[in-house]
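Notes follow the structure.
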Amino acid sequence: MDISKTLFITDLDGTLLNSNCEVSEQSAHIINDLIARHGLNFAIATARSPATAMPLLSGVDMRLPSVVLAGAALWDEKVAAYTHTWPIDESIITKICQIYEQHGAHPFIYRQSGAQLLAHHINSISAREADFMKSRTGTHYKDFILDDKPYEPSSCPALIVFSTDRYPVMEEIYNDILSQNIDCHPICYCDIYAPGYGYLEIYGSQVSKAVAIKTLAHECGFDKIVAFGDNVNDMEMMQMADYSVAPSNALPMVKRVASEIIGCNDDDSVAWWLAHNLGQ
């Protein structure tokens with residue numbers, strides 16, 4: 001394997017991050033050493049936005065752009081800007097919001113405004129939504145806008161329709177979206193930190209981590225891709241990659257598509273795999 005032509009890209013939650021939602025000091029040390037001494041081309045692909053992903057990576061020497069919002073955008077922390085985005089058509093957003101209304105639910109609409117995401121929502125929010133907002137407020141990456149008409153068309157492109165609630169509620173809305181054959185890419189999955197709860201993320205029909213990673217690899221001149229992941233939204237990128245690795249805590253369906261299964265995310269397994277295979 002020619003390391004100079006290979007992109008090593010990992011999911012965050014459940015993969016690079018431990019159960020405390022951290023990149024451990026050990027993982028950061030190993031990865032930074034590999035970048036400095038061996039020229040490791042290291043990047044992340046996460047469903048998180050820069051608002052929560054970048055602070056978690058503050059101890060890692062991130063030289064490459066990051067795949068964020070599950071592939072709806074590429075973010076370059078060095079210049080603090082989105083370099084690529086794949087938005088959702090406004091007509092699709094209208095149809096999606098109508099389905100939410102039928103369930104008595106209301107999503108966040110994430111719109112890009114320069115380097116910032118503006119998350120629109122109606123004035124009324126649940127306790128879980130309030131907790132979600134609290135941990136993501138006060139950064140230059142994202143702001144929340146609560147008003148009476150959050151779902152009207154805007155000149156700012158929408159990158160994601162997002163909601164969080166009890167998993168069965170999210171699953172019902174997800175199934176309704178699928179049944180109506182709306183031209184979008186919905187992903188419904190469990191919250192690994194809060195059992196019983198889930199997330200529903202809806203992107204443009206062409207959005208995936210795999211598509212964004214291919215764009216990143218092409219622009220940076222990488223010929224090979226090694227991908228690490230643990231959850232449903234990692235499967236496509238793992239199947240696309242030349243080699244894929246899943247931690248032992250990954251979902252069974254993810255393990256089935258992986259080339260190799262390693263230790264769990266609490267054992268710095270991604271970092272140690274990189275160290276072992278890159279000859280440290």
Side-chain angles (χ1 to χ4, degrees), residues 4-13 15-17 23 31 35 39-58 60-89 108-119 136 139-143 155-162 184-187 199 201-229 231-242 244 270:
S4 68
K5 292 291 186 178
T6 303
L7 172 64
F8 296 85
I9 190 157
T10 180
D11 172 54
L12 285 180
D13 295 275
T15 308
L16 181 64
L17 302 185
V23 179
I31 292 168
I35 292 170
L40 169 67
N41 298 304
F42 180 79
I44 60 105
T46 179
R48 290 175 177 265
S49 72
T52 55
M54 294 304 107
L56 294 172
L57 294 162
S58 61
V60 181
D61 184 9
M62 299 297 298
R63 301 184 182 184
L64 294 174
S66 300
V67 174
V68 295
L69 298 170
L74 291 179
W75 171 266
D76 191 338
E77 181 69 2
K78 297 191 301 295
V79 295
Y82 291 97
T83 59
H84 292 77
T85 58
W86 290 268
I88 311 171
D89 186 88
F108 291 92
I109 310 293
Y110 282 37
R111 295 186 178 277
Q112 179 204 355
S113 179
Q116 193 175 42
L117 282 181
L118 303 178
R136 292 158 174 81
T139 78
H140 61 278
Y141 300 101
K142 181 191 293 185
D143 198 9
S155 59
C156 295
L159 300 183
I160 173 177
V161 178
F162 171 87
C184 63
H185 182 192
I187 303 172
Y199 297 105
E201 300 168 354
I202 304 158
Y203 303 92
S205 59
Q206 301 305 312
V207 167
S208 72
K209 287 184 178 181
V211 170
I213 290 168
K214 287 179 182 178
T215 300
L216 175 62
H218 175 74
E219 293 199 346
C220 294
F222 300 128
D223 296 331
K224 302 291 183 182
I225 298 170
V226 176
F228 302 79
N231 215 326
V232 174
N233 65 351
D234 300 318
M235 291 177 65
E236 188 176 350
M237 76 169 183
M238 294 172 72
Q239 291 170 313
M240 170 273 297
D242 297 281
S244 61
V270 170

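Count residues from 1 along the sequence. None of the values given here were measured: they were computed from a predicted structure.
Taking CD1 of Ile109 as the start and CZ of Arg111 as the end, the distance is 6.5 Å to the nearest 0.5 Å. Taking CE of Met237 as the reference point, atom CZ of Phe228 lies at 9.5 Å (rounded to 0.5 Å). From Thr46, atom OG1 reaches atom CG of Leu16 across 10.0 Å, with rounding to the nearest 0.5 Å. Distance CD1/Ile35 to CG/Asp61: 5.0 Å, rounded to 0.5 Å. Rounded to the nearest 0.5 angstrom, Tyr82 OH and Gln116 CD are separated by 9.0 Å. Rounding to the nearest 0.5 Å gives a distance of 6.0 Å between CG of Leu69 and OH of Tyr203.
The minimum heavy-atom distance between Ala70 and Val207, with the atom names listed, is O-CG1, 3.9 Å. Across every non-hydrogen atom of Ala47 and Asn233, the tightest pair is CB-ND2, 3.7 Å. The shortest heavy-atom contact between Ser208 and Glu236 is CB-OE1, 3.4 Å. Taking all atoms of both residues into account, the shortest heavy-atom contact from Cys220 to Leu64 is SG-CD2, 4.1 Å. Nearest heavy-atom pair across Pro87 and Pro157 is CB-CB, 3.8 Å. Across all non-hydrogen atoms, the minimal contact from Ala53 to Arg48 is CB-CB, 4.0 Å.
Just one of Asn41, Ile44, Val67 meets the side chain to side chain contact (heavy atoms under 4.5 Å, CB included) condition when paired with Ile9; it is Val67. Just one residue in the list Asp242, Ile213, Asp223 forms a side chain to side chain contact (heavy atoms under 4.5 Å, CB included) with Leu7, and that residue is Ile213.
At distances below 3.5 Å, at least one donor-acceptor pair connects side-chain atoms of Lys78 with backbone N or O atoms of Arg63. When atom types are taken as modelled, the side chain of Gln239 and the backbone of Ala241 share no donor-acceptor pair closer than 3.5 angstrom. With Ser49 contributing its side chain and Ala51 its backbone, the two residues share a donor-acceptor pair below 3.5 Å.
Annotation: ring-ring contact (aromatic ring centres under 6.0 Å, His included) contacts of Tyr199 (sequence neighbours excluded): Phe162, Tyr189.
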Candidate pair Lys209 and Asp11, rule side-chain contact (heavy atoms from CB on, under 4.5 Å), full reasoning: CA-CA 10 Å; Lys209 287 184 178 181; Asp11 172 54; 3.1 Å; yes
Stepwise side-chain contact (heavy atoms from CB on, under 4.5 Å) check, Ser66 with Glu77: CA-CA 8 Å; Ser66 300; Glu77 181 69 2; over 6 Å; no
Stepwise side-chain contact (heavy atoms from CB on, under 4.5 Å) check, Gln206 with Val211: CA-CA 8 Å; Gln206 301 305 312; Val211 170; 5.7 Å; no
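Aromatic ring orientation, Trp86 versus His84: parallel (interplanar angle below 30°, classes split at 30° and 60°).
In this structure the side chain of Arg136 never reaches within 4.5 angstrom of the side chain of Leu117, judged on heavy atoms.
Crowding of Lys142 atom NZ: a count of heavy atoms from other residues, nucleotides or ligands under 6.0 Å exceeding 12.
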